[in-house]
Protein chains: 2
Amino acid sequence: MDTTEKKRGTGRKKVPIEKIESSSQRYVTFSKRRTGLFKKASELCILCGAEIAIVVFSPREKVYTFGNPSVDSVVDRFLNQHNHMNALEHDHLQQQKQFIEVSKQLEAEKKKEVIIENLKLSGWDAPIDSLQLYELQQMKQALVQVKKKVVEEFL
Amino acid sequence: MDTTEKKRGTGRKKVPIEKIESSSQRYVTFSKRRTGLFKKASELCILCGAEIAIVVFSPREKVYTFGNPSVDSVVDRFLNQHNHMNALEHDHLQQQKQFIEVSKQLEAEKKKEVIIENLKLSGWDAPIDSLQLYELQQMKQALVQVKKKVVEEFL
DNA sequence: TCAGCTATTTATAAGAT
DNA sequence: TATCTTATAAATAGCTG
């Protein structure tokens, strides 16, 4: 124990809160203090049940994050509740509305398409100029069937 | 100076890092530590030139933020650069694809609807059972017209 | 709930490894 | 550059008003 030669003269010194000019020293400080910051955040979460998201860009442009329960959940909650409605979400809702509208139209149109199909099945595709009385009568029968189907299905 | 009656027995005690049960005590701690956290963040920004965003939801659901240069700028930078493609953006793209798909279908369907309209204009709506030869011939003419229109327009 | 006041616990600047 | 050590600067728990 008694190593009389304890190292002397070292120890923390007061540091002014201003930009650290030495880049190596700056990075050491960044690393230490980032660790401390995240630890404090973690303690605050545990002690008080808080939800916290932290995003840090280092002086070297690297990104570090802390999140409880997760960065995303906290950020989303912030963007929403804060009524902050960013452009992305706004577009998103607009598109949802448009999508629903268009889907409804499409459904309506598809019913109509069945009519076309029935007409084709009934021989509507035949060259009309060559129709004779007999064919006209056949066509009448076909139309009767088509109309019946259509009436049953849509009217 | 020498006020011999200094207050005794007070002072910090070690606190275990676990949820504080007393809600009043919890809030006091939250308030103090949140202030400390934001101060640390501020110092880190100044000392090291970092960019930081912090979002905190208190146990009472209130939101507090710290941002340098601003919460928004840091969060945006995070969401974008991190290639993080969050759920929101993902949904957004999915919906865009669906929307384009459905829009194409709708356009196709609308062309077909014109056929229906032409049929109606040509007297297709008349009661078919009462059609006589004359009417059948009229109808033939109508169909010729319809077919011509349809061919011109769609084929 | 929030602001001061200590007595302590923590965080951390320097230096060494 | 990352960690460990040590002395000191800071943060903060428990009180009081």
Side-chain angles (χ1 to χ4, degrees), chain A residues 1-68 71 81-82, chain B residues 1-68 71:
Chain A
M1 25 186 73
D2 185 296
T3 355
T4 314
E5 265 321 302
K6 269 189 179 176
K7 280 158 193 167
R8 297 246 131 253
T10 64
R12 183 173 190 174
K13 286 183 187 165
K14 183 166 184 172
V15 56
I17 301 300
E18 57 190 27
K19 180 163 182 176
I20 296 169
E21 292 304 333
S22 157
S23 72
S24 59
Q25 185 52 236
R26 186 166 63 237
Y27 204 72
V28 171
T29 295
F30 174 78
S31 184
K32 286 183 174 180
R33 280 176 173 260
R34 175 178 51 73
T35 303
L37 185 72
F38 285 4
K39 184 178 178 189
K40 290 283 186 190
S42 166
E43 291 179 352
L44 186 51
C45 290
I46 295 171
L47 288 166
C48 306
E51 292 194 5
I52 303 182
I54 305 183
V55 176
V56 179
F57 283 93
S58 77
R60 292 178 186 176
E61 311 291 291
K62 197 171 171 187
V63 65
Y64 299 85
T65 65
F66 169 91
N68 175 270
V71 175
Q81 100 141 36
H82 193 261
Chain B
M1 23 187 73
D2 184 295
T3 354
T4 315
E5 264 321 303
K6 271 188 177 176
K7 277 163 191 165
R8 298 244 130 255
T10 63
R12 182 173 189 174
K13 286 181 186 165
K14 184 166 184 172
V15 56
I17 301 301
E18 57 190 26
K19 180 165 182 176
I20 295 169
E21 292 305 333
S22 159
S23 71
S24 58
Q25 183 54 234
R26 188 166 61 239
Y27 204 71
V28 171
T29 295
F30 173 79
S31 185
K32 284 185 174 183
R33 280 175 173 260
R34 175 177 49 74
T35 302
L37 185 72
F38 285 5
K39 185 178 177 188
K40 289 285 187 189
S42 166
E43 292 179 352
L44 186 51
C45 290
I46 296 170
L47 288 166
C48 306
E51 292 195 7
I52 303 182
I54 305 182
V55 177
V56 179
F57 283 93
S58 77
R60 293 180 185 174
E61 311 292 289
K62 196 172 170 186
V63 65
Y64 300 85
T65 65
F66 169 90
N68 175 269
V71 175

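This is a predicted model, so every value here is computed, not measured. Order of the sequence lines fixes the chain letters, A, B, ..., with proteins taken first and strands second; residue numbering starts at 1 for each chain. No hydrogens, no waters, no symmetry mates; every other heavy atom, side chains included, goes into these values.
- Using a 4.0 Å heavy-atom distance criterion, A/K14 is classed as a sugar-phosphate-only contact.
- B/Y64 and B/K62 make their closest contact through OH-CD, 3.6 Å (heavy atoms, listed as atom of the first residue, atom of the second, distance).
- In this structure, A/I17 places its CD1 atom 11 Å from C1' of C/dT12, rounding to the nearest Å.
- Summary for the helix from C/dC2-D/dG17 to C/dT17-D/dA2: the axes at its two ends, each from 5 pairs, differ by 40° when rounded to the nearest 10 degrees.
- Between B/R33 and A/V15, the residue anchored nearer the 5' end of DNA chain D, judged by the nucleotide with its closest heavy atom, is A/V15.
- Distances were taken from every side-chain heavy atom of A/S24 (C-beta onward) to each of C/dT1, D/dT1, C/dA11; the shortest belongs to D/dT1.
- Candidate nucleotides C/dT12, D/dA11, C/dG4 were compared by shortest atom distance to the side chain of A/K32, and C/dT12 ranks first.
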Can I get a per-line list of side-chain donor-acceptor pairs under 3.5 Å for residues 31-50 of chain A, giving both atom names and the distance, sequence neighbours left out?
unit_1	atom_1	unit_2	atom_2	d
A/R33	NH1	B/E43	OE1	2.8
A/T35	OG1	A/S31	O	2.9
A/E43	OE1	B/R33	NH1	2.8

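- Set against C/dA11, C/dT10, C/dT1, the side chain of A/R12 has C/dA11 as its closest nucleotide.
- A residue-by-residue look at B/Q25 and A/S23 shows that A/S23 has its nearest nucleotide of DNA chain D further toward the 5' end.
- Here the side chains of A/I20 and A/F30 are not in contact, with every heavy-atom distance at 4.5 Å or above.
- Among the heavy atoms of the strands lying under 4.0 Å from B/T29 are primed sugar atoms or P, OP1, OP2 only; no base atom is included.
- The distance from atom CZ of A/F30 to atom C1' of D/dT1 is 15 Å, rounded to the nearest whole Å.
- Side-chain atoms of B/Y27 lie closest to C/dC2 of the nucleotides C/dT12, C/dC2, D/dG14.
- In terms of heavy-atom proximity, A/I54 sits nearest to A/V71 at O-CG2, 4.4 Å.
- One finds no side-chain N or O of B/K40 lying less than 4.0 angstrom from the OP1 or OP2 phosphate oxygen of D/dA10.
- Note: CG (A/L37) to C1' (C/dT10) measures 15 Å, nearest angstrom.
- Look at NZ on A/K62: it is 12 Å from C1' on D/dT1, rounded to the nearest Å.
- Considering all non-hydrogen atoms of both residues, B/R26 and B/E21 come closest at NH1-O, 3.3 Å.
- Nearest to the side chain of B/E43, among D/dG14, D/dA11, D/dA2, sits D/dA11.
- Regarding B/R26, its CZ atom lies at a distance of 15 Å from the P atom of D/dG14, rounded to whole Å.
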